[in-house]
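These notes concern the structure reproduced below.
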Amino acid sequence: MMYRLMPVRLLLLTGVLTSFTYFSTSSHMSKNKETVSRYMDAFNQTDHAKILACLTDDVTWELPGVYLHKGKAAFDKEIENNAFTGKPVIKVSRMTEEDNVVTAEGTVQAKTNDGVILHLVFCDVFEMENGSIKKLTSYLMTLPGKK
């Protein structure tokens with residue numbers, strides 16, 4: 001069971017992103033997309049303060065069926081994960097927005113402490129309030145056949 005949760009926790013617990021790319025960029029990015037972009041960049045730098053600055057005080061972070069964290073303190077504890085070694089590679093392939101919801105899709109590659117390299121795909125749904133992240137719902141899946 002723990003092995004099944006490790007890939008799910010990867011995106012949510014990772015502190016350092018070594019690669020972050022967008023499917024497309026725009027010089028006229030909305031305030032909400034700018035916040036999500038700053039959030040991703042802060043993860044790239046493992047900068048807890050910058051990550052937390054993108055969030056509302058009552059932020060919620062959910063991985064459906066696995067966990068639900070409420071508040072900045074709980075969120076902060078999940079930024080880094082001791083089950084992994086080195087720096088993961090996270091690539092955002094698309095970021096879209098409608099109303100106050102921004103969705104980021106992409107891939108993650110990371111090495112566990114026991115040497116297994118995980119290849120995952122993700123979809124993060126950011127619910128925004130006044131330009132800050134109010135709720136993050138993360139969906140994560142291991143790519144079949146990748147080792």
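Sequential numbering from 1 along the given sequence is applied to the chain's residues.
Looking only at distances, no side-chain donor or acceptor of Asp99 sits under 3.5 Å from a matching main-chain atom of Val101. In this structure, Lys72 contributes its side chain and Leu52 its backbone to a donor-acceptor pair below 3.5 Å. Side-chain N or O atoms of Thr35 include none that pairs as donor or acceptor with a backbone N or O of Cys54 at under 3.5 Å.
The CG atom of Asn32 sits 11.5 Å away from atom CD of Glu127, with the distance rounded to the nearest 0.5 Å. Atom CZ of Phe122 sits about 11.5 Å away from atom NZ of Lys91, to the nearest 0.5 Å. Here the CD atom belonging to Glu62 is positioned 9.0 Å from the NZ atom belonging to Lys70, to the nearest 0.5 angstrom. Between Arg38 atom CZ and Ser132 atom OG the span is 7.5 Å, to the nearest 0.5 Å.
The shortest distance between side-chain heavy atoms of Asp124 and Leu136 falls below 4.5 Å. Between Glu129 and Asn100 the shortest side-chain heavy-atom distance does not fall below 4.5 Å. Under the 4.5 Å side-chain criterion, counting only non-hydrogen atoms from C-beta, Leu118 is not in contact with Val108. Using a 4.5 Å heavy-atom cutoff, the side chains of Thr103 and Met95 are not in contact.
Residues Pro64 and Ser138 approach most closely at CD-O, 3.5 Å, considering heavy atoms. Listed here is the closest heavy atom pair of Met29 and Glu34: O-OE2, 3.3 Å.
Hydrophobic cluster membership is shared by Val116 and Leu140, with clusters built from Ile, Leu, Val, Met, Phe, Trp and Tyr side chains linked at under 4.5 angstrom. A single hydrophobic cluster is seen to contain both Trp61 and Val66, as judged by linkage of ILVMFWY side chains at heavy-atom distances under 4.5 Å, directly or through other members.
Of the options Asp57, Thr60, Asp58, a side-chain hydrogen bond (donor to acceptor under 3.5 Å, both in side chains) to Lys134 is made by Asp58 and by none of the others. Of the candidates Lys31, Lys33, Met128, Lys33 is the only one forming a side chain to side chain contact (heavy atoms under 4.5 Å, CB included) with Glu97.
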